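Structure first, commentary second.
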Number of protein chains: 2
Amino acid sequence: MDTTQRTDQQRSADRRRRELLEAADRVVLRDGPQASMNAIAAEAGITKPILYRHFGDKGGLYAALAKRHTDALLDSLRAALDAPADRRERVEATLDTYLAAIEARPQVYRFLMHPAEGSQPGDPGFDVGKHSAPLLRRMGEELAQVIEERLDLGPGGQQLARVWGHGIVGMMHAAGDWWLGERPCSRAELVRSLADLLWGRLAAAGDRMGGPGF
Amino acid sequence: MDTTQRTDQQRSADRRRRELLEAADRVVLRDGPQASMNAIAAEAGITKPILYRHFGDKGGLYAALAKRHTDALLDSLRAALDAPADRRERVEATLDTYLAAIEARPQVYRFLMHPAEGSQPGDPGFDVGKHSAPLLRRMGEELAQVIEERLDLGPGGQQLARVWGHGIVGMMHAAGDWWLGERPCSRAELVRSLADLLWGRLAAAGDRMGGPGF
DNA sequence: CGTGCCTGTTACTTGCGGTAACACCAGTCT
DNA sequence: AGACTGGTGTTACCGCAAGTAACAGGCACG
């Protein structure tokens, strides 16, 4: 078994893997995250054991699937984050990019955010951390890095940046999720409102009655 | 069948229901959200069909369970939100209350945030909205109402309040989730950092190098 | 030629959600 | 008393999805 041979085989296996992922993608986007392995295999024109040979178990397949979409979304977010404009514009562009993505493909969004994979049955619990979609974590870390690189936050700035990164991403996510469900306003309005929140309008707003206010 | 009779029966059924919920609580807190109905029934000293008679299906049981904890958490949050203090202190108290709760009982937190119940298999998809734990939605709505009552936000203030309510709750959630997993700092520091974010420090911070900054 | 090594299959086990059918025990109505 | 009703509880089953042997052909290599 010389090298070129193995490379050929690996290439073919990779191609196959990509085909399988695309088939899985179609099924998951059609049937939601609870799509069965049988259904996915059928869509790919094969049977279950092959899927298991390629991805180990359902979690492996879903992880591979999620990675594709997560990477794609992160790429477009990075582009918005790196655009040449002032801070407020960048923030708004990033928010808008994210919201546009989840608006355009809610099925993908739902799949990424709700993998619905309770960890191994043998888990002793207590591992809060890997759940809640890795997408949120990755976005948070990415944003934290950008914040830390670009902003001068004084001592303790690195940690502050991380808190803010995850916090802002969570804000974006929750507001987006709610907005996607109720559609109470246009995307542009939502972006503006969130940016206003980040710009301190909450602290600056006046009280309504007499008391100390919220 | 006079009234007292039916009341008696209902009372007994309610007591039973509470016992079952407590048993379910123990199991879920021990085994995580993927606890089987069999395990729960065994813990309660009975068998499956009784659970189904009381709660319909697994989703019903989990909903009842979640409602208990959600209500409890919301009560303590309301208390923090209504305390007599100025705005910044209230915000910090609310953040701290939430974080203390998830820190004290991570299992409960995890259960509430990741119910892992893909909707009916027959669903035609596209129903993004009921997922992502009702807890987040309820907290968002609650906070929105408080904001709208207490703050003078000018025209469009109601909608702005709702966006902010969900956004702030999401920020709190994501930051808390990340913090619980990595414990990069004390709770007090996290609270302070988040409050600073809400107070506009992101917009106020200086750039690091020359360019337009983040 | 046989020997590995892919790819693919059928057929199975295991485990869980959910249900049907039956059994028991209390009061109630006639 | 004896049939009727409504609650609690059971065992035993169905259906379905995850995951796993065990086996069958194609294709290169010695």
Side-chain angles (χ1 to χ4, degrees), chain A residues 1-21 23-24 27-28 30-65 115-123, chain B residues 1-21 23-24 27-28 30-65 115-123:
Chain A
M1 51 119 149
D2 59 309
T3 308
T4 83
Q5 173 66 19
R6 211 173 68 200
T7 304
D8 268 12
Q9 284 175 190
Q10 208 148 2
R11 240 195 255 278
S12 137
D14 279 11
R15 255 194 39 209
R16 201 86 187 91
R17 186 188 164 94
R18 224 166 304 163
E19 292 173 15
L20 297 186
L21 273 180
V27 177
V28 165
R30 167 159 44 81
D31 297 352
Q34 80 286 1
S36 82
M37 293 297 264
N38 260 325
I40 294 172
E43 170 75 26
I46 49 155
T47 50
K48 270 193 300 177
I50 304 186
L51 282 182
Y52 284 96
R53 280 222 260 272
H54 274 272
F55 302 102
D57 62 353
K58 189 167 186 171
L61 203 179
Y62 277 31
L65 216 52
E117 308 183 65
S119 46
Q120 312 300 14
D123 249 18
Chain B
M1 53 121 154
D2 59 310
T3 308
T4 84
Q5 174 66 18
R6 211 172 68 201
T7 304
D8 267 11
Q9 284 175 190
Q10 208 145 2
R11 239 196 255 278
S12 136
D14 280 10
R15 254 194 41 207
R16 201 88 187 89
R17 186 187 163 96
R18 225 166 303 162
E19 290 174 16
L20 297 185
L21 273 180
V27 177
V28 165
R30 168 159 42 82
D31 297 352
Q34 82 284 1
S36 82
M37 293 298 264
N38 260 325
I40 294 173
E43 169 75 26
I46 49 154
T47 49
K48 270 193 299 178
I50 305 186
L51 282 181
Y52 283 97
R53 280 222 261 271
H54 274 272
F55 302 102
D57 61 354
K58 190 169 186 169
L61 204 179
Y62 277 31
L65 215 52
E117 310 182 65
S119 45
Q120 314 297 17
D123 250 18

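Computed from a predicted structure; not experimentally measured. We use all heavy atoms of the structure for the numbers below, so side chains are in, but hydrogens, waters and symmetry mates are not.
Rounded to whole Å, atom P of C:dG8 lies 4 Å from atom CD1 of A:Ile50. Residue B:Leu51 contributes atom CG, which lies 14 Å from atom C1' of C:dT19 at whole-angstrom precision. Nucleotide D:dT20 holds its P atom 16 Å from the CZ atom of A:Phe55, rounded to whole Å. Between the OH atom of A:Tyr62 and the P atom of D:dA17 there is a distance of 12 Å, given to the nearest Å. Going from atom NZ of A:Lys58 over to atom P of C:dG15 covers 18 Å, rounded to whole Å. Atom CG of A:Leu20 and atom P of C:dG8 are 8 Å apart (whole Å). For the pair B:Met37 CE and C:dT19 C1', the computed distance is 12 Å after rounding to whole Å. Look at OH on B:Tyr52: it is 14 Å from C1' on D:dC13, rounded to the nearest Å.
Side chain of A:Tyr62 to main chain of A:Asp57: no donor-acceptor pair is present (N/O by atom type, distance under 3.5 Å, no hydrogens or angles).
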message: Pair A:Leu61, A:Tyr52 - check side-chain contact (heavy atoms from CB on, under 4.5 Å), show working.
response: CA-CA 8 Å; A:Leu61 203 179; A:Tyr52 284 96; over 6 Å; no
Run the side-chain contact (heavy atoms from CB on, under 4.5 Å) test on A:Ile46 and A:Leu20 for me, step by step, so that the C-alpha distance in whole Å, both residues' side-chain angles and the decisive distance to 0.1 Å come before the verdict. CA-CA 9 Å; A:Ile46 49 155; A:Leu20 297 186; 3.7 Å; yes
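Taking only side-chain atoms of B:Asp57, from C-beta outward, the nucleotide of C:dG18, C:dT9, C:dT19 with the closest atom is C:dG18.
Atoms OG and NZ, on B:Ser36 and B:Lys48 in that order, are 8.0 Å from each other to the nearest 0.5 Å. To the nearest 0.5 Å, atoms CD1 (A:Ile50) and CD1 (A:Ile40) are separated by 14.0 Å.
Close to D:dT10, at under 4.0 Å from its OP1 or OP2, lies a side-chain N or O of B:Thr47. Side-chain nitrogen and oxygen atoms of A:Arg53 include none within less than 4.0 Å of the OP1 or OP2 phosphate oxygen of D:dG19.
Taking the nucleotide of DNA chain D with the nearest heavy atom to each of A:Pro49 and B:Lys48, the more 5' of the two is matched to B:Lys48. The nearest heavy atom of DNA chain D to A:Asn38 and to B:Ile46 marks one nucleotide each, and the one closer to the 5' end goes with B:Ile46.
Counting any heavy atom pair closer than 4.0 Å across all strands shown, B:Ser36 reaches sugar-phosphate atoms only and no base atom.
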